[in-house]
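Down below is the structure, laid out as structure tokens.
For ligands, and for the atoms within them, numbers begin at 1 and follow the listed sequence. Everything numeric in this text was worked out from a predicted model, so none of it was measured.
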Amino acid sequence: MDITLTGATGFIGRRLVAALAGRGHRVAVLTRTPRPGASPRYIQWDGRTPPAIDADAVIHLAGEPVAQRWTADAKQRILASRVEGTRSIVAALAAAPRKPSVLISASAIGIYGDRGDERLTESSPPGAGFLAGVTTAWEAEARKAEELGIQVATMRIGIVLGADGGALAKMLPAFRAGLGGRIGAGRQWMSWVHIDDLIGLFIHALDRPLAGPINAVSPGPAVNAEFTRELARSLSRPALFPVPEFALRLMFGEMSQVLLASQRVIPERAIKEGFRFRHETLPEALRSLWASQP
Ligand SMILES: NC(=O)c1ccc[n+]([C@@H]2O[C@H](COP(=O)([O-])OP(=O)(O)OC[C@H]3O[C@@H](n4cnc5c(N)ncnc54)[C@H](OP(=O)(O)O)[C@@H]3O)[C@@H](O)[C@H]2O)c1
């Protein structure tokens, strides 16, 4: 299959490209910073102007990083890179001489907002807050490709556990130094997914293909206190230093919402569609990550 990806130079995309190429797919990457002679093929794309697309499937991951201080400018970049970026991809699909049959667009469990202990499935309504608004608008843009007869899946990605990026890479220095601790009271649910299962879910959605929202999380979400305990235990370190909510707000401003929001997300679709998770429990997922480290 010819597959075109955006955002493929990032934490998730790099792994996905390697997995797709390993399965014999021909991969092209739309990027703001092409490298001549790179393999896979890099094609210049500014993130806004509809690119030329000639592919059987498109996987759209691009977006301004969310983990930064949410100044007015940063919020605008986070929103515009997703809404306008996705709009330009759909415009490119409309103009493509050969229409891809599948679009898989990244989304996030941030769509559910802050929901306490509620079990959230793909049929739960969106929540409130900045990220929920961004994600709802982002998915709506992607769904417009359905009008072109294209199957559209939106991957509501949870906290991705990988040794070389994402949330874990940010937490590791403190935890390795024995300075980790729960956040606030530690009761907020964290819906995580091992990077290998996330890549597996993308491939599963591509092969079927699946349409509609898909919660890309493991079946074993954990509250923050448990997540903290298991992460520290997996590194054989104590986790004695809780971070008070006010300190987090001082450090990160409004972005601290991401760390404090409770999202108990269930991968109902993935389970119904017969996807087999390789990493269902947090202690095992963490063990497998450290075991795969050189
Ligand atoms: N990692 C997670 O835990 C997680 C959780 C939920 C959702 N997601 C979503 O999944 C997608 C991929 O995540 P990731 O962790 O792989 O992200 P990442 O490492 O930050 O990579 C995202 C890619 O998007 C492109 N990009 C960055 N800023 C951009 C901008 N302002 N305009 C246009 N393109 C821009 C970059 O590609 P180029 O430089 O090549 O153009 C970058 O490599 C993102 O949309 C993210 O929101 C991730």
Would you say [X] and ligand 1 have an N/O pair spaced under 3.5 Å apart?
X: Arg82; answer: yes
X: Gly166; answer: no
X: Leu61; answer: yes
X: Thr9; answer: yes
X: Ile12; answer: yes

Please check: side-chain N/O of Ser292 versus main-chain N/O of Leu289, any donor-acceptor pairing under 3.5 Å? yes

Might you point out which heavy atoms bring Pro51 and Ser88 nearest each other, and give the distance in Å? CD-O, 3.9 Å

As a check for students: among [options], identify the option with a heavy atom nearest to [atom].
atom: atom 34 (N) of ligand 1; options: Arg32, Arg48, Arg14; answer: Arg32
atom: atom 7 (C) of ligand 1; options: Gly13, Gly158, Ser107, Ala74; answer: Ser107
atom: atom 2 (C) of ligand 1; options: Val160, Thr6, Leu168; answer: Val160

Got a protein heavy atom sitting under 4.0 Å from atom 37 (O) of ligand 1? yes

Which bit of Trp192 is near ligand 1, meaning a heavy atom under 4.0 Å away: side chain, backbone, both or neither? neither

Regarding Ser105 and His60, do their side chains bring together a donor and an acceptor under 3.5 Å, going by distance alone? no

Flag yes if more than 12 heavy atoms outside Arg98 fall under 6.0 Å of its CZ atom; otherwise flag no. yes

Would you sort out whether Arg77 and Gln68 count as a side chain to side chain donor-acceptor pair (under 3.5 Å), showing the intermediate values? CA-CA 11 Å; Arg77 285 195 305 273; Gln68 59 177 303; 3.2 Å; yes

